[in-house]
Colleague: 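Here it is: the structure, laid out below.
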Amino acid sequence: MTQLKVYLESMTRYADAMEDISTGFGNTRSLLVDADVTADSFGMLPESREIAATYEQRTTDGLDVLRSGEDVFGELAAAFRQIRDNYQSSDRTAAARYGG
């Protein structure tokens with residue numbers, strides 16, 4: 001019979017790291033949202049208006065990416081915690097059933 005070894009502490013550390021990354025994405029996103037950058041921040045020349053429009057589009061795109069990163073890494077953290085919990089539950093059930 002093949003023996004499977006699962007390192008529950010490692011799964012917890014991995015989940016915690018994924019949560020930290022998710023939080024970092026969220027914090028960065030909040031900083032960008034809170035930044036006081038308006039079209040006037042780029043000056044009054046017509047060329048400045050183009051720069052402001054480009055900045056706004058890139059910032060919007062970046063905020064979307066940061067939101068996606070926050071969501072994905074948050075979901076990874078939750079998934080690893082669920083996997084860990086499932087292994088722990090299986091171990092307890094097997095131990096109770098087989099007296100181990």
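None of these values were measured; they are calculated from a predicted model.
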Colleague: Tell me who clusters with M44, hydrophobic residues only, linked when side chains sit under 4.5 Å apart either directly or through other members.
Modeller: none

Colleague: Indicate whether any N or O donor in one side chain lies under 3.5 Å from an N or O acceptor in the other, for R92 and S89.
Modeller: no

Colleague: Are V65 and I21 connected in a single hydrophobic cluster, I mean Ile/Leu/Val/Met/Phe/Trp/Tyr linked by side-chain heavy atoms less than 4.5 Å apart?
Modeller: no

Colleague: Identify the residue among D61, T60, T54 that makes a side chain to side chain donor-acceptor pair (under 3.5 Å) with Q57.
Modeller: D61

Colleague: Working to the nearest 0.5 Å, report the span between CG of L66 and CD of E70.
Modeller: 8.5 Å

Colleague: For the residue pair F25 and F73, categorise the inter-ring angle as parallel (less than 30°), tilted (30 to 60°) or perpendicular (more than 60°).
Modeller: parallel

Colleague: Answer yes when R49 and D40 have at least one side-chain N-carboxylate O distance shorter than 4.0 Å, and no when they do not.
Modeller: yes

Colleague: Minimum heavy-atom separation for E19 and A77, please, with both atom names.
Modeller: OE1-CB, 3.4 Å

Colleague: Taking atom CD1 of I51 and atom CG of L45, what is their separation to the nearest 0.5 Å?
Modeller: 9.0 Å

Colleague: Going by an N to O cut-off under 4.0 Å, is there a salt bridge joining D16 and R81?
Modeller: yes

Colleague: Can you tell me how far the CG atom of L8 sits from the CZ atom of F80, to the nearest 0.5 Å?
Modeller: 12.5 Å

Colleague: When rounded to the nearest 0.5 angstrom, what distance separates OG in S22 from CG in L76?
Modeller: 9.5 Å

Colleague: Nearest 0.5 Å, please: how far is CZ in R84 from CD in E9?
Modeller: 10.0 Å

Colleague: Please say whether more than 12 non-hydrogen atoms of neighbouring residues, nucleotides or ligands are located less than 6.0 Å from OH in Y87.
Modeller: no

Colleague: Return yes when atom CD of E56 has more than 12 non-hydrogen atoms of other residues, nucleotides or ligands closer than 6.0 Å, and no otherwise.
Modeller: no

Colleague: Decide yes or no for R67 and D64: does some side-chain heavy atom of the first lie under 4.5 Å from some side-chain heavy atom of the second?
Modeller: no

Colleague: Hydrophobic clustering (ILVMFWY, side-chain heavy atoms < 4.5 Å, transitive) - are M18 and V72 grouped together?
Modeller: yes

Colleague: Could you see if V6 belongs to whatever hydrophobic cluster contains I83? Use Ile, Leu, Val, Met, Phe, Trp, Tyr and a side-chain cutoff under 4.5 Å.
Modeller: yes

Colleague: Rounded to the nearest 0.5 Å, what separates atom CZ in R29 from atom CG in D34?
Modeller: 10.5 Å

